[in-house]
Structures are given as structure tokens and as C-alpha cells.
Amino acid sequence: GAISGWDVAGETVAQITGRFIFSGTNIAQKRRFKLEIPYLVLTSDKPFDFLDDKLSEFTFKGTPILQDGETSTHYFRYLT
């Protein structure tokens with residue numbers, strides 16, 4: 001029968017795109033918050049080997065992009 005799936009390329013500069021929602025607590029004010037970014041492009045600063053057996057650490061830099069129908073690149077609110 002047919003086999004479906006996807007490939008992972010090792011030793012590549014990773015890029016992640018999509019809607020991101022971060023929630024947490026402002027430690028200084030002890031207030032919970034939610035940050036929503038409708039469209040964010042994250043790119044790693046160096047190649048990352050997704051196929052390596054060892055744990056790795058890497059850093060991403062991001063750029064929010066204003067999308068059609070949105071009024072802002074991000075929305076921040078404190079939760080009650």
C-alpha cells in the first residue's frame with residue numbers, strides 16, 4: 001500500500017512560521033499575561049542537526065509580520 005510521511009533535513013538553518021501564543025507571569029508584578037502573535041517568522045542563528053542523538057541548544061530570532069485583517073503584529077493583555 002501507499003506510505004505517507006514527511007522528511008527532516010539534518011544540519012539545516014531552522015525556520016518556524018505560524019501563530020504563536022505565549023502565556024506566563026510577569027515576575028515583577030506577579031500578574032499573569034497572554035501574548036498573541038498572529039504570524040511570526042523564527043529563524044535559528046546557526047544550523048541545527050535535528051537528527052543528532054545529543055541534546056542541543058539553539059537560539060531563534062523572530063520577526064512578527066502584519067497580516068491582512070489584523071490591526072497589529074501582536075496583542076498583549078494581562079489576565080484577570
Side-chain angles (χ1 to χ4, degrees):
I3 297 175
S4 64
W6 48 278
D7 295 327
V8 175
E11 287 293 324
T12 61
V13 175
Q15 184 178 54
I16 302 170
T17 59
R19 176 180 289 270
F20 287 79
I21 299 174
F22 301 95
S23 63
T25 301
N26 177 325
I27 296 171
Q29 298 177 344
K30 296 183 173 71
R31 294 179 70 186
R32 293 179 344 150
F33 69 87
K34 176 180 172 183
L35 172 65
E36 184 173 353
I37 304 172
Y39 191 78
L40 179 64
V41 177
L42 293 176
T43 305
S44 65
D45 57 354
K46 62 182 179 180
F48 181 75
D49 189 353
F50 288 100
L51 302 176
D52 195 342
D53 290 337
K54 294 179 273 180
L55 292 176
S56 295
E57 195 174 285
F58 53 96
T59 304
F60 283 96
K61 294 180 181 180
T63 304
I65 299 173
L66 184 62
Q67 296 293 290
D68 289 339
E70 297 289 346
T71 57
S72 179
T73 58
H74 64 282
Y75 305 94
F76 178 89
R77 71 174 132 304
Y78 282 111
L79 305 173
T80 56

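Atom set for the values below is all heavy atoms of this structure, side chains included, hydrogens, waters and symmetry mates excluded. Quantities reported herein were computed from a predicted structural model and do not represent experimental measurements.
In terms of heavy atoms, Leu40 sits closest to Pro64 at CD1-N, 3.5 Å. For the residue pair Arg32 and Thr80, the shortest heavy atom distance occurs at NH2-O, 4.1 Å. For the pair Ser72 and Pro38, the tightest heavy-atom approach, listed with the atom from each and the gap, is O-CG, 4.4 Å. Taking both residues in full, the closest heavy atoms of Leu66 and Thr71 are given as CD1-C, 4.1 Å, listed atom of the first, atom of the second, then distance. The two residues Ile21 and Glu36 make their nearest non-hydrogen contact at CG1-CG, 3.9 Å. The two residues Glu70 and Tyr75 make their nearest non-hydrogen contact at OE1-OH, 2.7 Å.
For the pair Gln15/Thr43, a side-chain contact is recorded, criterion being any heavy-atom separation below 4.5 Å from C-beta on.
Residue Leu79 is not grouped with residue Phe76 when hydrophobic side chains (ILVMFWY) are merged at heavy-atom distances under 4.5 angstrom, including chains of intermediate members.
Shown here are the side chain to side chain contact (heavy atoms under 4.5 Å, CB included) partners of Ile16, two or more places apart in sequence or in another chain: Phe20, Leu42, Phe60. Ile27 meets the side chain to side chain contact (heavy atoms under 4.5 Å, CB included) test with no other residue; sequence neighbours excluded.
Residue Val41 belongs to a hydrophobic cluster whose other members are Tyr39, Ile65, with links defined by side-chain heavy atoms closer than 4.5 Å.
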